[in-house]
Asker: 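Would you mind keeping the following structure in view while I ask a few things?
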Number of protein chains: 2
Amino acid sequence: MAKTNKTKYALLGVLSLMSGSGYDIKKFCDSSISHFWNENYGHIYPVLQKMEQEELITKQVEQTEGRPSKNVYSITEKGRKQLEEWLMLPVEPEPFRSELLLKIFWSANIPVENIIEKFQQIKKESEETLSRYLEFENLIKTKNENASKKILVLWLTTLNYGKHSAEAKLKWCEETLKNLEEIKDL
Amino acid sequence: MAKTNKTKYALLGVLSLMSGSGYDIKKFCDSSISHFWNENYGHIYPVLQKMEQEELITKQVEQTEGRPSKNVYSITEKGRKQLEEWLMLPVEPEPFRSELLLKIFWSANIPVENIIEKFQQIKKESEETLSRYLEFENLIKTKNENASKKILVLWLTTLNYGKHSAEAKLKWCEETLKNLEEIKDL
DNA sequence: GTATCCATGTAACCAGTTACATGATTGC
DNA sequence: GCAATCATGTAACTGGTTACATGGATAC
């Protein structure tokens, strides 16, 4: 069984909230789900075309004065149904691949100082990530006061995942740095 | 800049510990780094061939009675050097994509009961993952008593990452379940 | 006699990234 | 005058997965 194309559902998700062009969709993604999902034009445009053929979305060309013409896509009933079917399905376990852990695992011959540097860097990045999440949380809470409680809970849940995993990473770095300092002088 | 082929380094890593065939390498991966890295034959064999051409590894054909012939690969000096160069480099931030979070984000029209079920399942999986890590930790500690302290620390560090993130996921599930129960009857 | 292990490989395919190409408008 | 924004797309490429093909040996 071939891997299902999840980009399709990401785009359908955006179009279930609003009609828009590939460009609009990309912007929306960047400002809302970028902490766990990214898309790039080179993929968005062909997938939109394919979805139009499958009648999951429809296209309307919009001409504005002195602007490049815009292909505005809207989700169809069929599209909405397919999205919901997918959403109802249980989540498949996602294979996890980490370059970081791979490097650590094979670092027996690398100077401990180099490994320590790496962990200091990762620790710093985790701290930054964490504070970005906290900021973003406030933004969501204040900007969406009139959104439904359910949507708010769902959106905060995705954020909360980020917070928990950044915190976990941070703790891991601290523990590891302690362990590495211990073996530094052996 | 094209994405660098990390499978190459995974295979070089294994071959830096031991010479072996594609089959051996796969077995090793499955039993040691499978909690953060996976490889499959369809990728291993062609990459091994390519690496041989680049002189990072050498091949020796081994014939045993009543066995399929075996291509035993060994790492060369050049291969060892390339591996170490890569290991010394700082870790690039890894783009993160989560189908789970994508589904949650778009679940505004999905019954809360369905979402709750998903989280119960994920919680269960996290608990299982966590206990597998704990078992594996004991295994590593007892089985590698005579390994160098450094290697032990490195290996346990990769495991520890898994433990921390499984714990974080568990906590996240519990919090989310509480939140979902609250909005269930709205 | 059946399932699993040992062992290697290819072909088809899909997802996703990067670079390239174009060009007008708006804001500084 | 320059950078950024708006806007769409294609081509080349890479990485990775799955399915297919083969076949003897061993363990139950």
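So you know, we letter chains A, B, ... as the sequences are listed, proteins then strands, and number each from 1.
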Asker: Angle class for the A:Y41/A:Y23 ring planes (parallel below 30°, perpendicular above 60°, tilted otherwise)?
Answerer: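 Judged by the thresholds at 30° and 60°, the geometry between A:Y41 and A:Y23 is parallel.
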Asker: Counting only side-chain N and O atoms of A:N38, is one of them less than 4.0 Å from OP1 or OP2 of C:dG16?
Answerer: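 Answer is no, no contact under 4.0 Å.
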Asker: In this structure, how many angstroms lie between the P atom of C:dT8 and the CG atom of B:L48, rounded?
Answerer: 9 Å
Asker: Which part of the nucleic acid, if any, lies within reach of B:G42 when heavy atoms closer than 4.0 Å are counted: base, sugar-phosphate only, or nothing?
Answerer: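 Touches a base.
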Asker: Could you give the NZ-to-P distance, from A:K6 to C:dG16, as a whole number of Å?
Answerer: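 Spelled out: NZ on A:K6 to P on C:dG16 is 7 Å.
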Asker: Rounded off to whole Å, could you give me the OH-to-P distance for the B:Y45 and C:dC6 pair?
Answerer: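 Computing the B:Y45:OH to C:dC6:P distance gives 11 Å.
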Asker: Let's see if you can work this out: which of C:dA15, D:dT10, D:dT17 has an atom nearest to the side-chain heavy atoms of A:P46?
Answerer: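 For the A:P46 side chain, the nearest candidate turns out to be D:dT10.
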Asker: In terms of ring plane angle, is the pair A:Y161 and B:W172 parallel, tilted or perpendicular, where the classes change at 30° and 60°?
Answerer: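 Ring orientation, 0 to 90° scale: perpendicular.
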Asker: Measure the distance from CG on A:N5 to P on C:dC13 and round it to the nearest whole Å.
Answerer: 17 Å
Asker: Figure out the CD/P separation between A:E92 and C:dA15, and round it to whole Å.
Answerer: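 It is 13 Å, rounded to the nearest whole Å.
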Asker: Rounded off to whole Å, could you give me the NZ-to-P distance for the B:K50 and D:dG16 pair?
Answerer: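 The distance from NZ of B:K50 to P of D:dG16 comes to 11 Å, rounded to the nearest Å.
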Asker: Does a nitrogen or oxygen in the side chain of A:Q49 sit under 4.0 Å from OP1 or OP2 of D:dT8?
Answerer: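 The answer is no; no side-chain N or O of A:Q49 sits under 4.0 Å from OP1 or OP2.
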Asker: In whole angstroms, how far is the P atom of C:dA7 from the CD atom of B:Q60?
Answerer: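 About 16 Å, once rounded to whole Å.
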Asker: Rounded to whole angstroms, how far apart are CZ on A:R97 and C1' on D:dG15?
Answerer: 8 Å
Asker: Does the side chain of A:S21 get closer than 4.0 angstrom to OP1 or OP2 of D:dC6 through an N or O atom?
Answerer: no
Asker: Would you say C:dG16 has OP1 or OP2 under 4.0 Å from some side-chain N or O of A:T7?
Answerer: yes
Asker: Can you tell if the side chain of A:E85 reaches within under 4.5 Å of the side chain of A:L89, non-hydrogen atoms only?
Answerer: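 Answer no - side chains too far apart.
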Asker: Mapping A:Y41 and B:D24 onto DNA chain C by nearest heavy atom, which one lands closer to the 5' end?
Answerer: B:D24
Asker: Please determine which of B:K118, B:E125, B:K124 meets the side-chain hydrogen bond (donor to acceptor under 3.5 Å, both in side chains) test together with B:Q121.
Answerer: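 Only match with B:Q121 under side-chain hydrogen bond (donor to acceptor under 3.5 Å, both in side chains): B:E125.
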Asker: If you only use heavy atoms from C-beta on, which nucleotide in C:dT18, C:dA15, C:dA7 is closest to the side chain of A:N40?
Answerer: C:dT18
Asker: Looking only at side-chain atoms of A:Y23, point me to the closest of D:dT5, C:dG9, C:dT17.
Answerer: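 Selected nucleotide: D:dT5.
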Asker: Verify the ring-centre separation between B:F96 and A:W37: is it less than 6.0 angstrom?
Answerer: no
Asker: What nucleotide, of C:dT8, D:dA7, D:dG15, holds the atom closest to the side chain of A:K70?
Answerer: D:dA7
